[in-house]
Each structure stands twice: as C-alpha cells, then as structure tokens.
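Comments concern the structure below.
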Amino acid sequence: MEPYLSFPGRRALVTGAGKGIGRAVAVALSRAGAQVTALSRTAADLESLARECPGITPLCVDLADWDATEAAVSAAGPFQLLVNNAGVAMLQPFLSVTRDALQRSFDVNLHAVLHVSQIVARQMIAQRVPGAIVNVSSQASKRPLRDHTVYCCTKSALDMLSQVMAMELGPHKIRVNTVNPTVVMTDMGRVNWSDPKKADAMISRIPLGEFAEVDDVVNSILFLLSDKSAMTTGTSLMVDGGFLVS
Ligand code: NAP
C-alpha cells in the first residue's frame, strides 16, 4: 500500500537540520522519497546526519550571515519544499534583554526565514511548479511567556510574515503555513525547561497534560508540505496539546 504521505522526486530544503526537530524532519522527508538538502551550522552534526541517512545533501552555513546564506541557498536550489526550522531561544527577563539577544534572535528566527524564502520562492516561480513552505513557529507566538520577550516577538513576527507570504505567493501556487509547537525536549527544550518546577507549571496549563514529542511536530510539518493539505495556506497549526484554549 502507498504510504499516506510521500514526496517522490520532490526537492526539499530543511534549515536547522543538524539537531532536534529539523534533523527529524530531514530524515522523515528523505525516507518519504524527497531529495533533501539539510542546512545547519555545525559541520559535525551534518556529517553524522549524512552517515545516518546517506541520501541527504549537507549544506553548512550560518543563517545569521546574510551573504553566505544567499550564496549557499541560491546554488543549492531549486526546491519545491522548504522548512524554515532553524531557531534560537535566548531567554532573558524583559528588564535584562540585551541588544545581542535581540539582534541574533531576529537574524535567525525572522530575517533568515524571509531571506531563504525569497530565494527559494523566486526559484519556485521560475520553475512554474507548485511549492510548499512550512515555518516552524511556537505557541510563544500567541501567548506571552515569562523571560520570552525576544523569542515571543520573533515568533509573532514569523506568524505574520507567513500570512503575508501566503497572500502574495498564493497566486504562484506556493502555500505557506506555520506549525506552532508547545515545549519539545530537544536540546533547546532541555536548556529552557529542565527545571521540574518550571516544567510542571507549563504542563499544568496544557489540557493534554504533556509536552510534545519531536514526531508530533514532524507529522504536522509533513502534512502541511504534502498535497493532503492542498487547500491550506496562511494558517498556523498548533501542536500544543491545547495550551491556547486553556
Ligand atoms: P535545537 O535542538 O536547538 O536545534 C536547532 C537547530 O537549528 C540546530 O541544528 C542548530 O544548529 C540550528 N541553527 C540554529 N541557529 C542556526 C544558524 N544561525 N544557522 C544555521 N543553523 C542554525 O532546536 P529545536 O528544539 O529542534 O527547535 C527547532 C525549531 O522549533 C526552532 O525554530 C524553535 O524555535 C522551534 N520550537 C522549539 C520548541 C522546543 O521546545 N524545543 C518549541 C516550540 C518551537 P547549531 O546547534 O549548530 O547552532
């Protein structure tokens, strides 16, 4: 029987694919038949990914470097599928927010998404084929969270960017959506949510009573990339166990 989601021959770019959610998306897409380019910053992560999944093409670049990103992504395309997953979470109380945290977070979480999407969308339009873009946002885009001033703002801006992209790219048959997870215990999740008191307080606000697993997020991303969501664009798919309705 045909698998429910498959991407035979589709070319996919996944950013932040060295670790965590992005790595799992790259592996899942490759196993589902896509030709995956995995972009990340740490070469050792990409080497181990290429060993784990030999069909994947590694692309080592720091997305905070505008010019290096332009050169690398332009040369690697064209793609029909794009997952803007790379992100940083630099938590600071509002009164202690630094210029460095603001700059680095917006560079990676917002500016790089806009830039990579421009490059990839222009190539999609030139190919005259439908495309799908999924931006990895967060529940933090929709609710204020303590010490998350900068992160919440980057992800709110990312949701709005995604809606405008959906509006302007729709006529070119390019769909743009976000997935918005609750906490996931990746490296990023462990750094910020390992304190049991803090974790329990968050879990108590999630109706389903637990954090998300990496696969929960991967499944939603693959759905939004696939033709099964062919009429869905400009939306945010919450993977939050109901956090927003609590
Ligand atoms: P992670 O485990 O920290 O992995 C992030 C990946 O992105 C790493 O491979 C990292 O590479 C890469 N990356 C970061 N900055 C980069 C840059 N400037 N250039 C290229 N690659 C870069 O994070 P994750 O938990 O998988 O998070 C993935 C996405 O989900 C992020 O957008 C995050 O905001 C979002 N999210 C996460 C959670 C959570 O609780 N984990 C919840 C909601 C949303 P290096 O390690 O080499 O820097």
Side-chain angles (χ1 to χ4, degrees), residues 1-61 63 72-73 75-87 113 116-117 120-121 123-124 127 129-138 174-190 210-230 232-233 235 237-240:
M1 204 174 73
E2 277 263 305
Y4 180 65
L5 297 177
S6 66
F7 304 86
R10 310 295 290 278
R11 301 194 75 237
L13 174 64
V14 182
T15 73
K19 300 185 175 77
I21 295 166
R23 185 178 178 111
V25 169
V27 170
L29 276 174
S30 177
R31 291 189 176 147
Q35 292 171 33
V36 177
T37 296
L39 184 157
S40 204
R41 199 169 53 145
T42 302
D45 290 340
L46 290 173
E47 284 156 20
S48 81
L49 176 61
R51 277 195 302 277
E52 179 186 342
C53 212
I56 289 180
T57 305
L59 188 61
C60 196
V61 63
L63 290 167
V73 174
F79 300 101
Q80 297 88 47
L81 308 172
L82 168 63
V83 182
N84 285 302
N85 161 82
V113 175
V116 170
S117 300
V120 171
Q123 294 180 341
M124 285 172 174
Q127 293 177 85
V129 295
I133 299 175
V134 176
N135 295 330
V136 181
S137 182
S138 168
I174 300 170
R175 298 182 300 106
V176 185
N177 294 287
T178 71
V179 295
N180 299 54
T182 183
V183 176
V184 187
M185 279 307 191
T186 58
D187 284 5
M188 179 188 288
R190 279 187 285 276
E210 56 191 342
F211 290 155
E213 298 294 333
V214 168
D215 277 351
D216 297 322
V217 186
V218 172
N219 289 336
S220 293
I221 292 172
L222 263 62
F223 169 69
L224 288 171
L225 289 175
S226 78
D227 297 342
K228 302 289 183 201
S229 61
T232 301
T233 194
T235 196
L237 177 50
M238 305 308 299
V239 188
D240 68 344

*Would you give the length of the straight line joining atom OH of Tyr4 to atom CG of Leu222, rounded to the nearest 0.5 angstrom?*
11.5 Å
*Between Val217 and Val179, which heavy-atom pair has the shortest distance, and what is it?*
CG1-CG2, 4.2 Å
*At what distance, to the nearest 0.5 angstrom, does CZ of Phe79 lie from CD of Gln35?*
10.0 Å
*Quick one: do the Arg11 and Thr57 side chains pair a donor with an acceptor below 3.5 Å?*
no
*CE of Met124 to CG of Leu81: how many Å apart, nearest 0.5 Å?*
6.5 Å
_Minimum-distance pair of heavy atoms, taken over all atoms of Val183 and Phe211_ = O-CB, 3.2 Å
*Do you know which two heavy atoms are closest between Asp187 and Lys19, and how far apart they sit?*
OD2-CD, 3.4 Å
*Does the Ser30 side chain pair with the main chain of Gly55, one donor and one acceptor, at a distance under 3.5 Å?*
no
*In Å, rounded to the nearest 0.5 Å, how long is the span from CG of Leu29 to CD1 of Ile221?*
8.5 Å
*Look at atom CD of Glu213 and say whether more than 12 heavy atoms of other residues, nucleotides or ligands are closer to it than 6.0 Å.*
no
_Polar side-chain atom of Arg175 near backbone of Leu224 as donor-acceptor pair, under 3.5 Å_ = yes
*Do Val73 and Thr15 have side chains that get closer than 4.5 Å, going by heavy atoms?*
no
*Rounded to the nearest 0.5 Å, how far does CG of Leu82 lie from CD1 of Ile133?*
5.0 Å
*Taking atom types as modelled, is there a side-chain donor on Thr232 or Asn177 under 3.5 Å from an acceptor on the other?*
no
*Out of curiosity, Arg23 CZ to Leu49 CG, how far, rounded to the nearest 0.5 Å?*
4.5 Å
*asked:* Restricting to non-hydrogen atoms, name the atom on Gln80 and the atom on Gln127 that form the minimum distance, rounded to 0.1 Å.
replied: NE2-OE1, 3.0 Å
*asked:* I'd like to know whether Leu13 forms a side chain to side chain contact (heavy atoms under 4.5 Å, CB included) with Val116, so could you lay out the CA-CA distance, the side-chain angles of the two residues, the decisive distance to 0.1 Å, and finally the verdict.
replied: CA-CA 10 Å; Leu13 174 64; Val116 170; 4.0 Å; yes
*May I have the step-by-step check of side chain to side chain contact (heavy atoms under 4.5 Å, CB included) for Asn180 and Asp240, ending in yes or no?*
CA-CA 7 Å; Asn180 299 54; Asp240 68 344; over 6 Å; no
*List the atom of Phe223, the atom of Ser226, and the distance in Å for their closest heavy-atom pair.*
O-OG, 2.8 Å
*So which heavy atom on Ala121 is nearest to which on Ile174, and how close?*
O-CD1, 4.0 Å
*asked:* When you measure from the side chain of Asn85 to the backbone of Val136, do you find a donor-acceptor pair of N or O atoms at a distance under 3.5 Å?
replied: no
_Sequence-distant partners of Ser40, side-chain contact (heavy atoms from CB on, under 4.5 Å), two or more places apart_ = Leu46
